[in-house]
Amino acid sequence: PKRFNAQRGLFEDKMVEDFLAKVSTKWPLYRANVHVALGKVTEELDLILVDPQSKTVFIGELRWMLPPGDPREVTNRKNVCGEKVVQLRRKYNAVKKHLTDLLQNVFAIQSDDSWEVCGAVIIQGFGGARSADDDLPVMVKYIAEVGLEGSDSLRQFAAWSTSLEWLPQEDVHFD
């Protein structure tokens with residue numbers, strides 16, 4: 001397990017690299033895999049995107065997974081998605097509480113109270129699971145990429161991603 005987890009890190013690094021290759025042109029203010037002091041704790045943030053025009057910060061928690069091979073593994077992957085949402089909620093709360101410091105120290109941006117924080121768990125290798133947290137969806141990587149590319153602002157992307165309009169709908173996308 002230790003060697004596999006080390007190799008999984010390589011896949012996750014590649015996932016972040018590929019994701020940034022697709023979205024960094026549109027969203028050039030970003031940091032990936034950065035350790036940030038948020039009050040008395042230091043958090044590792046997989047992805048931070050900043051949109052000064054809409055005054056929005058997006059926090060992404062990325063996870064690469066092997067595709068499941070049987071029904072038990074599907075359940076395990078769903079549980080991992082849930083754990084990632086809990087982890088993202090902790091980081092989201094810390095970022096929201098210390099947003100002024102994060103923007104100043106990491107991006108040299110002076111902020112005010114009109115800034116918003118949004119986030120999502122972004123996964124690859126598995127179809128996903130519904131998030132138990134309505135504000136922090138679980139999205140497949142390519143859907144997040146398409147959504148970010150098609151959005152005029154990170155605030156618009158946040159509204160779209162939490163609306164769940166991107167999920168397949170019965171009688172529209174399948175029978």
Side-chain angles (χ1 to χ4, degrees), residues 5-6 8-65 80-81 83-124 128 131 133-166:
N5 285 338
R8 187 184 75 215
L10 295 174
F11 287 105
E12 287 181 0
D13 290 345
K14 178 69 172 146
M15 178 186 172
V16 171
E17 182 183 312
D18 291 347
F19 188 80
L20 287 172
K22 296 226 169 116
V23 302
S24 64
T25 304
K26 187 160 189 174
W27 309 105
L29 285 177
Y30 69 87
R31 296 291 185 276
N33 299 320
V34 63
H35 288 83
V36 178
L38 300 168
K40 295 180 181 181
V41 298
T42 299
E43 290 283 4
E44 180 181 2
L45 301 176
D46 294 343
L47 178 66
I48 310 168
L49 299 175
V50 176
D51 179 6
Q53 281 71 33
S54 70
K55 295 185 174 184
T56 307
V57 175
F58 173 80
I59 306 297
E61 184 67 29
L62 282 70
R63 177 65 192 261
W64 177 88
M65 299 181 205
V80 168
C81 288
E83 292 166 5
K84 284 300 204 180
V85 171
V86 170
Q87 185 179 17
L88 179 59
R89 173 49 74 182
R90 183 190 76 237
K91 294 176 182 184
Y92 171 92
N93 288 342
V95 166
K96 195 165 181 156
K97 185 175 181 182
H98 301 284
L99 183 58
T100 302
D101 295 337
L102 175 114
L103 287 170
Q104 177 62 43
N105 297 336
V106 178
F107 295 96
I109 294 174
Q110 298 295 324
S111 65
D112 56 31
D113 292 341
S114 63
W115 282 76
E116 276 191 26
V117 179
C118 60
V121 173
I122 300 170
I123 59 173
Q124 184 175 5
S131 175
D133 190 325
D134 291 339
D135 296 328
L136 302 172
V138 175
M139 304 181 84
V140 177
K141 178 179 159 271
Y142 73 86
I143 292 174
E145 291 168 348
V146 169
L148 283 163
E149 282 298 309
S151 297
D152 293 327
S153 70
L154 286 180
R155 205 167 280 208
Q156 181 186 34
F157 172 74
W160 175 78
S161 65
T162 58
S163 74
L164 304 180
E165 290 177 13
W166 48 271

TODO: Taking the side chain as every heavy atom from C-beta outward, state whether D135 and R89 have any pair of such atoms under 4.5 Å apart.
DONE: yes
For D112, I'd like to know if atom CG has over 12 heavy atoms of other residues, nucleotides or ligands within 6.0 Å. yes
Scanning both residues in full, the closest heavy-atom pair of I123 with V121 reads CG2-CG1, 3.9 Å
Residues Q110 and W115: closest non-hydrogen pair is O-NE1, 4.5 Å
Review point. Do the non-hydrogen side-chain atoms of V57 and I48 ever get within less than 4.5 Å of each other?
Key: yes
Checklist line | Minimum side-chain heavy-atom gap C118-T56 below 4.5 Å | finding: yes
Between L148 and K26, is any pair of side-chain heavy atoms under 4.5 Å apart? no
Tightest non-hydrogen contact, residues T25 and P28, listed as O-CD, 4.0 Å
Q) Are any side-chain N or O atoms of D46 and backbone N or O atoms of L62, one a donor and one an acceptor, separated by less than 3.5 Å? A) yes
Note: V138 and W166 closest approach over all heavy atoms is O-CH2, 3.2 Å
Any side-chain heavy-atom pair of E61 and Y92 under 4.5 Å: no
Rounding to 0.5 Å, atoms CZ (F11) and CD (Q124) come to a distance of 10.0 Å
inquiry  = Do the side chains of R63 and E12 get close enough for a salt bridge, i.e. N-O under 4.0 angstrom?
reply    = yes
message: For F157 and F58, take the angle between the two ring planes, folded into 0 to 90°, and tell me which bin it lands in: parallel under 30, tilted 30 to 60, perpendicular over 60.
response: perpendicular
Exercise. Is there a side-chain contact between L88 and D133, using heavy atoms and a 4.5 Å cut-off?
Worked result: no
| field | Ion pair check, E116 and R155, cut-off under 4.0 Å | value | yes
In this structure, CG of L29 is separated from CD of Q53 (nearest 0.5 Å) by 8.5 Å
**Asked** Where do L102 and L38 land on the side-chain contact (heavy atoms from CB on, under 4.5 Å) test, with the steps shown first?
**Response** CA-CA 7 Å; L102 175 114; L38 300 168; 4.1 Å; yes
dist N93:CG -> E43:CD (nearest 0.5 Å) comes out at 10.0 Å
Here the gap from N105 atom CG to T100 atom OG1, rounded to the nearest 0.5 Å, amounts to 10.0 Å
Do any N or O atoms from the side chain of S131 and from the backbone of L136 form a donor-acceptor pair under 3.5 angstrom?
yes
For S161 and M139 the tightest heavy-atom approach is CB-SD, 3.7 Å
*asked:* Using a 6.0 Å cut-off, check whether atom CZ of F107 has over 12 heavy atoms from anything other than its own residue.
replied: yes
Considering only heavy atoms from C-beta outward, does the side chain of V16 approach that of L47 to under 4.5 Å? no
Legend entry - Pair D18 + K22: basic N to acidic O under 4.0 Å: no
Scanning both residues in full, the closest heavy-atom pair of L154 with L49 reads CD1-O, 3.5 Å
| request: Flag the pair N33 / D13 as yes when at least one side-chain heavy-atom distance between them is below 4.5 Å, and no otherwise. | output: yes
CG of L20 to CD of E145, rounded to nearest 0.5 Å, is 9.5 Å
